[in-house]
J.: 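Below is a structure I'd like to ask you about.
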Amino acid sequence: MKVHIDAEEWFITAGLIGLLELLDNNEKSNLIEKDGLSISVETLDNLAEKYVTELITRFNVVERDVNRMYWHVSRINEREDRFKTAVSEIRKIMNEQTKKVEKYYKETSEYAALVEIMEEIKNIKAIEDVPKINSLIEKYKETASSKQIKEKLTLNYAKAVVLKPLFGQTSILQLPFNKKSTEEHITQIEKDFINPAKYEMKFAECLLNAKETQDIIQFLEQHKEDHDQFNQLLRAIKKLETVEDIKNYINSNILPCSFIPGFLATQSYEEKIFTPLALSKNKAINFHWDFDKKQPVPMSALARLIIFLSPFGLAYYTRKVGTIHTNDSLRFSGIVLTQDSFVNIYKMNNHYRKLRSQGTTFGEAIIGLLQESIDKSKKMNESFVFIEFHSDYDSKKTLLDYYHMPTYLVEYLSNDGQKLKLLHHYELRDRYLRTILKGLDPLPIIIDYLRESINNSFHGFGAYHAVRERNRILRLKEGINSMENQDKLISFIYYRGVELREYLIRDSGDSNEGETYRASGRKKLESIAYRLINSIKAGNKHAFMDTIFRLYLGTDLRVPNVFIDSFKDDGLDFETIGSAFIAGLLGQDSSSKTKNEGEVTNG
C-alpha cells in the first residue's frame, strides 16, 4: 500500500524535500508525484540511520571549523597586521572543540594529539610561521575527523543549533543524549518516529483490506505493545460484530489526521512536534477540537515523522534583525514555494539552499532562482512564496516572515533585479527587497537611505537608484510596462539636485582669518536635507516646496518646472520627485559635467 502525502503546508513540504534528500536516486524516482510523494512502509526502512548519517555529513563541525580557521589565515595573507588577532581566533576555535573532546574522550590518543596541537599553536609568534599554522590546521583536521570525535561533536552541534529550535527537547534532543553513541541515537529515532509511523501505515492497509473483524483484531493484538494507541482501540472494538461496525466506530470516535487524509490521529500537533508554530496543549485554547484539551490539533505519527525530516528541506543562513545601527545576527531557516509541480519545488529549494550555503545574499539568491529557469517565460507567470523563520526554544520566541512574490514582482526581478545591486548599502538593500516582497512601499527604506547619505555622501547615488527602482515596481504593479520616459525624468530631477549642490558648495567658500564664520556649503546642505526628508516622510508638499524656493532664491539657477508635477494627479508622485532631488543634493562631489534634461543615467 502506498500513502500519498500532499505538499500543502510549508513544513510538510520541507519534510517531503527532506525525505527525498535521505534517499538515493532510484528510490526518489518511484515516490515523486505532481503534488507530493507516495510512500510505502519500505520507504521508511533504515531511515533512522540515514537521518543520523545525513546530520553528520551536512553539518560536519570539523569541516566548518577548519574553513573558519583557513578564513582567518587568508586575512593574514591580505594584511599582516591581522596576524595576532587571526592566530588568537584560530586558537580559540581549537580550544573550544578540544574542551568538548576532553569531556567525552579524555583517555584517547586523539585527545592527546589535540592538546599537543594546542601547545604548538600557542608558540606561534611571528608572521613567518604562517605555513606552520596551515600545517597545524591540517593536523587538527585529521585528528578531529576520527569517527567517534567527528560524530560526537557534529551530532551535539546539530541537535543544539539545527534540531532544538525546531523540535525543542523531545526524543534524542534531551540533554542526557549528548553522552550517548551514534547507534543509540539511531535506535531512539527508530523507536520514537519510524516505528509508530510504520505501524500506522500497516494498520491503515489492514483496515482497508479487512474482510472480517478478526483481521483487524488480530493485527491490533499482535502490535498492541508496539503502538501506544493500539491497545486502547483494541478494547473499544473487540465486541463489534462486523468490519463496517469497526469502521463506523473509528470514523465516529477517532479524529482524522489534520495533515494526511485517510490517516487516524494518534497524537496532537504541539511544541515537541514543531516548536516554531505549535503551542503546548495547555495553551492551544483556540485550537481545541470539540473542547478536547488532550488533542487540540489531531495528527498521525506519519505526519510527525514527515515534519521531523524538515531540517533537510530547509536552507540555513544568518540574517541581521533590527535597525541599521542596532541589530542582532540570528540564524534563520528558509524555504521557497510555488504553484509548480513538487519535483520543481524540490529542485528549486535545492538550488536555493546551495546559493545560501555559499554566502549568497537573500536578494542574489532570489534573482538567481528566477534566472536559473529552463522555461523563464513560464516562471514569469507564476507567483512565489518565500518563508523564513528564526525560532528560539528557550525563550519561546519565533520570528516568521512570509514573502509573497506576485507575477509583477517576478517580472521585475527577472528582468531588472540585477539593478538592485546598485544599492551598495548591504543592509538597506536587504530591507528594501524584503519590503517589496511583502507588497509594501519601500519609501521608509529610501528615507533611511537618504539619511545615511547625509553622513556618507557615497550613498547618494544608491539612494537615487532606490528611488528609480521603486517607481518601476509601483508602475509594474499598476500594469504599466513602459517606463523609459519616467526613468529619464527621475534622472533629470536627480541631476538638478547635483547641479544645485555643486553651485551651493562652490559659492560657499571657506572663511578667512578675521572674517565672520560661514558654515560650509556641505554643512548647509545637510541641515536643509533633514528638513526636506522630513517633509517627504510627512507628505507635506507645501513645506517641501517652500524649502526648495528658498534654496533657489539665492542662486542664478531656475527652479525646475518638474516640481509642479508633484501637485498633479498624473505623472511622477511627490515622494519620487522629492527623493530623487534630495539624492542628487546629497551625493558625492563631482567635477563631471551636470547632466542636461533628457539625458539618461541608468547606472
Side-chain angles (χ1 to χ4, degrees), residues 428 432 435-436 440-455 457 459-475 477-478 480 483 485-505 507-508 518-587 594-598:
L428 287 174
Y432 187 97
T435 301
I436 63 174
L440 303 175
D441 188 341
L443 182 63
I445 315 303
I446 292 173
I447 297 294
D448 286 345
Y449 220 130
L450 292 172
R451 284 180 174 150
E452 198 67 19
S453 303
I454 294 175
N455 301 321
S457 59
H459 291 302
F461 203 53
Y464 155 66
H465 284 292
V467 174
R468 188 186 66 183
E469 298 313 308
R470 170 185 176 268
N471 182 67
R472 284 179 175 171
I473 293 164
L474 294 180
R475 298 293 81 79
K477 191 174 183 179
E478 295 171 0
I480 301 170
M483 284 166 276
N485 290 335
Q486 290 196 342
D487 283 351
K488 287 181 179 180
L489 189 54
I490 293 170
S491 177
F492 168 73
I493 296 167
Y494 170 79
Y495 282 105
R496 296 291 70 78
V498 172
E499 180 183 60
L500 181 60
R501 180 211 336 135
E502 292 183 346
Y503 184 96
L504 293 174
I505 290 176
D507 188 56
S508 180
R518 293 173 65 195
S520 69
R522 183 75 201 182
K523 290 282 186 187
K524 288 181 180 177
L525 282 179
E526 289 173 359
S527 63
I528 292 167
Y530 277 115
R531 219 179 310 159
L532 292 173
I533 291 170
N534 288 334
S535 298
I536 290 176
K537 187 177 179 182
N540 193 334
K541 299 178 184 179
H542 296 285
F544 182 87
M545 289 306 300
D546 181 64
T547 306
I548 291 294
F549 284 134
R550 289 174 184 273
L551 271 174
Y552 273 94
L553 199 60
T555 70
D556 298 330
L557 303 175
R558 191 177 156 194
V559 179
N561 291 333
V562 71
F563 286 117
I564 308 292
D565 292 343
S566 65
F567 290 91
K568 297 179 180 177
D569 292 333
D570 56 345
L572 292 176
D573 59 287
F574 163 63
E575 290 79 10
T576 299
I577 294 170
S579 300
F581 182 78
I582 297 170
L585 205 61
L586 293 173
T594 303
K595 298 283 188 293
N596 294 317
E597 187 170 356

J.: Could you pull out all residues at least two apart from Asn540 that satisfy side-chain hydrogen bond (donor to acceptor under 3.5 Å, both in side chains)?
T.: none
J.: Just jot down the side-chain hydrogen bond (donor to acceptor under 3.5 Å, both in side chains) partners of Gln486, sequence neighbours excluded, or say none.
T.: Asn471
J.: In the structure I gave you, are the side-chain heavy atoms of Arg531 and Ile528 within less than 4.5 Å of one another anywhere?
T.: yes
J.: Name all residues meeting the ring pair (Phe, Tyr, Trp, His ring centres under 6.0 Å) criterion together with Tyr432; count only those two or more places apart in sequence or in a different chain, and write none if there are none.
T.: none
J.: Would you say that Pro560 contacts Ile493 through its side chain, given a criterion of any heavy-atom pair below 4.5 Å between the two side chains?
T.: no
J.: Side chains of Ile436 and Lys477: does their closest heavy-atom pair fall under 4.5 Å?
T.: no
J.: Taking the side chain as every heavy atom from C-beta outward, state whether Arg468 and Tyr464 have any pair of such atoms under 4.5 Å apart.
T.: yes
J.: Applying side-chain hydrogen bond (donor to acceptor under 3.5 Å, both in side chains), can you list everything that pairs with Ser453, at least two apart in sequence or on another chain?
T.: none
J.: Under 3.5 Å, side-chain donor or acceptor atoms of residues 548-557 against the rest of the protein: list the pairs with distances, not counting sequence neighbours.
T.:
from: Arg550; atom 1: NE; to: Asp546; atom 2: OD2; distance (Å): 3.1
from: Thr555; atom 1: OG1; to: Tyr552; atom 2: O; distance (Å): 2.8
from: Thr555; atom 1: OG1; to: Leu557; atom 2: N; distance (Å): 3.2
from: Asp556; atom 1: OD2; to: Tyr503; atom 2: OH; distance (Å): 3.4

J.: Below 4.5 Å, heavy atoms only, C-beta onward: do Thr576 and Leu474 meet side chain to side chain?
T.: no
J.: Go through Ile454 and Ile533 one step at a time and tell me if the side chain to side chain contact (heavy atoms under 4.5 Å, CB included) criterion holds.
T.: CA-CA 11 Å; Ile454 294 175; Ile533 291 170; 3.8 Å; yes
J.: On a heavy-atom basis, which atom in Pro442 and which in Thr435 lie closest, and how many Å separate them?
T.: CA-CG2, 3.8 Å
J.: Below 30° counts as parallel, above 60° as perpendicular, anything between as tilted: where do the rings of Phe581 and Phe544 land?
T.: perpendicular
J.: Taking only residues at least two apart or on different chains, which pairs with a member in residues 443-454 satisfy salt bridge (Lys or Arg N to Asp or Glu O under 4.0 Å)?
T.: Arg431-Asp448
J.: Name all residues meeting the salt bridge (Lys or Arg N to Asp or Glu O under 4.0 Å) criterion together with Arg475; count only those two or more places apart in sequence or in a different chain, and write none if there are none.
T.: Glu478
